[in-house]
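Just follow the structure's listing: the first ligand is 1, and inside any ligand the first atom is 1.
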Amino acid sequence: MNPLERHEIPGSVTAVSAKGGLPALRIETPDCSALVYQHGAHVALWGPREGPPVLFMSDASDFSPDKPIRGGVPLIYPWFGPREGAPGHGTARITAWDLTESLLLPGGDVRLRFTLPHHGNDASVVFLVTLGASLRMEFIVSNLGSSALTFENCFHTYLHVADIHQAEVRGLRGVSYTDQLLGERFTEEHDAIRFTAETDRVYQNTTDATEIADPVLRRLIRIRKSGSLSTVVWNPWIDKAARMPDFGDDEYLRMLCVESGNLREHAVTLLPGQTSALEVEIDLAPFPL
Ligand code: TA6
């Protein structure tokens, strides 16, 4: 029995047994096709019904209950990065979330609501995803306890590009960032970030929208965010790609991550009764001539 079956909407939302036999929902709307796993409440595929996907998914990704999915939008909570004796990037992305609602909205978009099962602290964690011509995601945390709650959160979004050598990430000029490889802080000097080596940067104190220019596919992937002060830009490049068992050696050529969240000095602290919302909206625009 697929636990998601009761949320099916004929013609729009279908419960499927996806890769690894994991329960998922296949979504078809007038403007998009998508696939969302219960595991990690993970948006694994989203994009126009025709043409190349917008989200990247590794052909070598694991699809098992104890491993993160390598691609799409991993939900990072309650910490970002490695932690001694604990799963990297937190536990949310390797947890089966509860699907509590599926809605067909006027105009044909589909909205799904997931809640994170009790995970050891007094917080309510809700993930809302609206799928249509844009991908709209909301990560809502409420402190239900009697003491302050501090956490990091991030949409670790993998995006598909035709050729990393020609792709650009725009919108971060003037923003301070930590180069994770060098451990040093810099200020972004360029309108357009281009990739020529492993790139792993945490841009801080930025609410800026970004866009990924893909001259080969002649499209812009636009990312707008709210409730987020951190943007991470990552491409593993050759050596790190070769070290990742769930990532093809040459897949770095066809992806990059632009991640939106609140990390490090921008970790979120909620007093009892407070709520935070991290929101991202991704859509496509034509490549300007
Ligand atoms: O997105 C930046 C980053 O922290 C990189 O350092 C790299 O480790 C990436 O996340 C992927 O992490 P993962 O745990 O999914 O392999």
Side-chain angles (χ1 to χ4, degrees), residues 19-20 22 37 39-44 55-95 137 139 151-161 164 167 169 172 175-186 188 193 195 197-204 206 210 212 221 223 225 228-267 278 280 282:
K19 288 191 174 178
L22 294 175
Y37 283 80
H39 178 57
H42 197 117
V43 181
L55 301 180
F56 166 85
M57 177 57 66
S58 171
D59 292 336
S61 177
D62 292 303
F63 290 90
S64 62
D66 60 343
K67 297 263 182 69
I69 295 171
R70 178 70 67 189
V73 186
L75 302 182
I76 309 300
Y77 173 86
W79 65 84
F80 183 94
R83 178 166 290 194
E84 187 66 35
H89 283 327
T91 50
R93 66 176 182 169
I94 54 173
T95 301
M137 301 180 287
F139 193 93
F151 57 88
E152 295 172 303
N153 59 3
C154 191
F155 293 122
H156 194 301
T157 310
Y158 286 74
L159 298 144
H160 170 70
V161 294
I164 192 64
V169 174
L172 291 167
V175 179
S176 167
Y177 68 89
T178 298
D179 183 312
Q180 299 281 89
L181 306 169
L182 300 173
E184 294 176 32
R185 280 194 94 109
F186 299 91
E188 185 54 65
I193 300 164
F195 298 83
E198 182 178 354
T199 304
D200 192 346
R201 301 177 183 175
V202 178
Y203 289 82
Q204 291 288 45
T206 172
T210 50
I212 294 143
I221 301 175
I223 303 172
K225 67 173 190 173
S228 161
L229 288 174
S230 308
T231 294
V232 181
V233 176
W234 178 57
N235 181 283
W237 214 248
I238 300 167
D239 294 346
K240 183 151 189 174
R243 295 197 301 271
M244 293 159 57
D246 59 346
F247 189 84
D249 289 359
D250 67 352
E251 288 187 318
Y252 74 95
L253 292 166
R254 295 184 293 280
M255 57 70 68
L256 57 89
C257 286
V258 176
E259 308 158 34
S260 311
N262 297 285
L263 319 180
R264 313 275 156 69
E265 64 266 31
H266 294 305
L278 162 63
V280 160
I282 300 173

Between Lys19 and Ser61: side-chain donor-acceptor atoms closer than 3.5 Å: no
side-chain contact (heavy atoms from CB on, under 4.5 Å) partners of Ala197, counting only residues at least two apart: none
Write out each pair where an N or O from ligand 1 and one from the protein are under 3.5 Å apart, with the distance.
unit_1   : atom_1 : unit_2 : atom_2 : d
ligand 1 : 1 (O)  : His156 : NE2    : 2.9
ligand 1 : 1 (O)  : Glu259 : OE1    : 3.1
ligand 1 : 1 (O)  : Glu259 : OE2    : 2.6
ligand 1 : 6 (O)  : Asp200 : OD2    : 2.6
ligand 1 : 8 (O)  : Lys240 : NZ     : 3.3
ligand 1 : 10 (O) : His89  : NE2    : 3.0
ligand 1 : 10 (O) : His156 : NE2    : 3.1
ligand 1 : 12 (O) : His89  : NE2    : 3.3
ligand 1 : 14 (O) : Arg93  : NH2    : 3.0
ligand 1 : 15 (O) : Arg70  : NH1    : 3.1
ligand 1 : 15 (O) : Arg93  : NH1    : 2.8
ligand 1 : 16 (O) : Arg70  : NH1    : 3.1
ligand 1 : 16 (O) : Arg70  : NH2    : 2.9

Could you list the donor-acceptor pairs under 3.5 angstrom formed by side chains in residues 253-260, with sequence neighbours left out?
unit_1 : atom_1 : unit_2 : atom_2 : d
Arg254 : NH2    : Asp250 : OD1    : 3.3

NZ/NE/NH1/NH2 to OD/OE distance under 4.0 Å, Glu188 and Arg201: yes
Check: Phe195 ring centroid to Tyr252 ring centroid under 6.0 Å: no
Residues that His89 engages under ring-ring contact (aromatic ring centres under 6.0 Å, His included), provided they are two or more places apart: Phe80, His156
